[in-house]
Amino acid sequence: DRLVPKTVKKTRQMTLEKILEMFKQGFSLQRDSLIEVAETFLVLRRLKQVYSITSVDAFIASIRFHLNEYFPSKLAGQIDNDNVKLWKGLIRESECDRMWSLNGIDPKSNVFHLRSKFYTGEYFQPLPDQIKDAQPMFELYQQLQPDLVTVAFDPEGTGPDTHYKVLQIVAQALRMGKTEKANLRPKIWGYRNVWHR
């Protein structure tokens with residue numbers, strides 16, 4: 001708890017580029033302590049973003065609330081409030097950004113997170129919707145004309161349900177491109193996630 005004010009001050013000063021550089025350095029040197037510091041900064045940056053925190057005191061109060069009240073009192077299976085759902089999603093996006101930065105890809109200009117609308121954080125997710133989910137993906141394809149699209153290739157029932165649904169969205173957006181004669185020809189890189197056996 002004594003480290004919270006010091007960490008908050010550093011988090012407010014660090015740019016995303018500096019944090020990602022710290023993460024890459026920790027990764028290449030195999031220094032877990034450096035990786036953990038970078039990850040802490042990334043998580044706290046996202047907390048600041050979700051709650052539009054502008055002061056040090058509000059930042060510290062938010063950290064203490066989540067660590068000492070919100071998470072300890074949360075029941076197993078209880079659905080998070082909308083801010084915490086967004087925060088968790090942003091943390092996942094940061095995980096993706098870190099991996100791309102390790103490969104020399106600038107996530108700020110080359111990685112796009114669409115936050116599909118089917119994802120509600122509930123145990124049973126609704127099915128993806130062509131207008132809410134596939135249409136934004138198709139529009140991004142048209143805008144960027146990507147050379148590469150990555151997606152978890154998890155057959156239905158083998159991993160988190162969300163991965164299979166995102167695969168459906170990616171495929172539907174490409175089918176929409178074919179119907180619209182959009183001349184989309186990205187390579188699709190499928191990968192197995194941590195849940196795959």
Side-chain angles (χ1 to χ4, degrees), residues 15-21 23-24 27 38-39 42-43 45-50 52 79-197:
T15 64
L16 178 60
E17 292 78 14
K18 284 184 181 177
I19 297 170
L20 290 175
E21 193 55 45
F23 179 81
K24 288 195 293 191
F27 188 84
E39 288 174 339
L42 287 168
V43 167
R45 273 178 62 89
R46 295 306 201 163
L47 178 70
K48 181 176 175 259
Q49 178 185 349
V50 167
S52 302
I79 296 171
D80 288 309
N81 66 47
D82 288 343
N83 282 332
V84 172
K85 281 187 214 174
L86 177 59
W87 185 27
K88 287 180 174 182
L90 291 171
I91 291 168
R92 291 240 193 301
E93 290 175 11
S94 293
E95 292 166 355
C96 176
D97 293 346
R98 287 191 308 249
M99 292 304 106
W100 279 115
S101 71
L102 285 176
N103 290 287
I105 306 290
D106 175 19
K108 271 188 150 178
S109 58
N110 295 297
V111 178
F112 301 88
H113 306 285
L114 293 184
R115 301 181 191 154
S116 294
K117 304 301 179 245
F118 79 84
Y119 188 79
T120 60
E122 297 182 21
Y123 190 75
F124 294 105
Q125 308 289 339
L127 291 172
D129 179 271
Q130 181 160 331
I131 301 301
K132 293 178 185 173
D133 296 309
Q135 184 68 36
M137 179 75 74
F138 170 61
E139 289 169 4
L140 186 62
Y141 288 161
Q142 284 185 300
Q143 175 191 339
L144 299 174
Q145 293 291 312
D147 298 317
L148 176 67
V149 174
T150 61
V151 63
F153 272 179
D154 296 329
E156 190 171 17
T158 62
D161 194 29
T162 53
H163 292 182
Y164 180 69
K165 288 177 179 175
V166 169
L167 178 61
Q168 290 176 311
I169 292 168
V170 167
Q172 180 59 30
L174 289 171
R175 282 191 293 273
M176 291 167 75
K178 196 172 186 179
T179 302
E180 299 282 328
K181 296 183 174 46
N183 198 29
L184 299 172
R185 298 182 187 276
K187 288 184 180 176
I188 307 296
W189 279 5
Y191 60 89
R192 296 292 188 190
N193 71 70
V194 296
W195 306 103
H196 178 71
R197 294 180 188 195

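Because only heavy atoms are used, hydrogens play no part in the values below, and waters and symmetry mates are left out as well, while side chains stay in.
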Inter-residue atom distance [X].[atom1] - [Y].[atom2], 0.5 Å rounding:
X    : Y    : atom1 : atom2 : result
D133 : M137 : CG    : CE    : 8.5 Å
D97  : L102 : CG    : CG    : 11.0 Å
R92  : L90  : CZ    : CG    : 11.5 Å
L148 : I188 : CG    : CD1   : 7.5 Å
K108 : L20  : NZ    : CG    : 9.0 Å
M99  : F23  : CE    : CZ    : 3.5 Å

Task: Step-by-step salt bridge (charged side-chain N to carboxylate O under 4.0 Å, His left out) determination, K18 to E21 - done: CA-CA 5 Å; K18 284 184 181 177; E21 193 55 45; over 6 Å; no
Within a strict 4.5 Å, meaning less than it, do heavy atoms of the [X] and [Y] side chains meet?
X    : Y    : answer
F112 : V149 : no
K165 : S116 : no
K117 : D129 : no

TODO: Begin from the C-alpha positions of Q143 and E139 and carry the test side chain to side chain donor-acceptor pair (under 3.5 Å) through to its verdict.
DONE: CA-CA 6 Å; Q143 175 191 339; E139 289 169 4; over 6 Å; no
TODO: Among R46, H113, E39, find the residue that satisfies the side chain to side chain donor-acceptor pair (under 3.5 Å) test when tested with S94.
DONE: R46
Open item on the list: Taking D80 first and then K88, would you say they form a salt bridge - that is, a charged N and a carboxylate O separated by under 4.0 Å?
Closed with: yes
Open item on the list: Set out, in order, the CA-CA distance, both residues' side-chain angles and the distance that settles side-chain contact (heavy atoms from CB on, under 4.5 Å) for L16 and L42, then state yes or no.
Closed with: CA-CA 8 Å; L16 178 60; L42 287 168; 3.6 Å; yes
Open item on the list: Take a 6.0 Å sphere around NZ of K48 and say whether it holds more than 12 heavy atoms from other residues, nucleotides or ligands.
Closed with: no
- [ ] Please check if atom CG in D147 has more than 12 non-hydrogen atoms from other residues, nucleotides or ligands closer than 6.0 Å.
- [x] no
Open item on the list: To check you understand the geometry: which heavy-atom pair defines the closest contact between P146 and P186, and what is its length?
Closed with: O-CB, 3.3 Å
- [ ] Quick one: do Q145 and L184 satisfy side-chain contact (heavy atoms from CB on, under 4.5 Å)? Show the steps, please.
- [x] CA-CA 6 Å; Q145 293 291 312; L184 299 172; 3.5 Å; yes
TODO: Using modelled atom types only, decide if a donor and an acceptor are shared between the side chain of W87 and the backbone of V43 within a distance under 3.5 Å.
DONE: yes
Task: N/O donor-acceptor pair under 3.5 Å between N103 side chain and I105 backbone - done: no
I'd like a table of donor-acceptor pairs (distance under 3.5 Å, sequence neighbours excluded) in which one partner is a side-chain atom from residues 173-180, with atom names and distances.
| unit_1 | atom_1 | unit_2 | atom_2 | d |
| --- | --- | --- | --- | --- |
| R175 | NE | Q172 | OE1 | 3.1 |
| R175 | NH2 | Q172 | OE1 | 3.0 |
| T179 | OG1 | R175 | O | 3.1 |

- [ ] Only counting residues at least two apart or in another chain, list the ones meeting side-chain contact (heavy atoms from CB on, under 4.5 Å) with D82.
- [x] K85
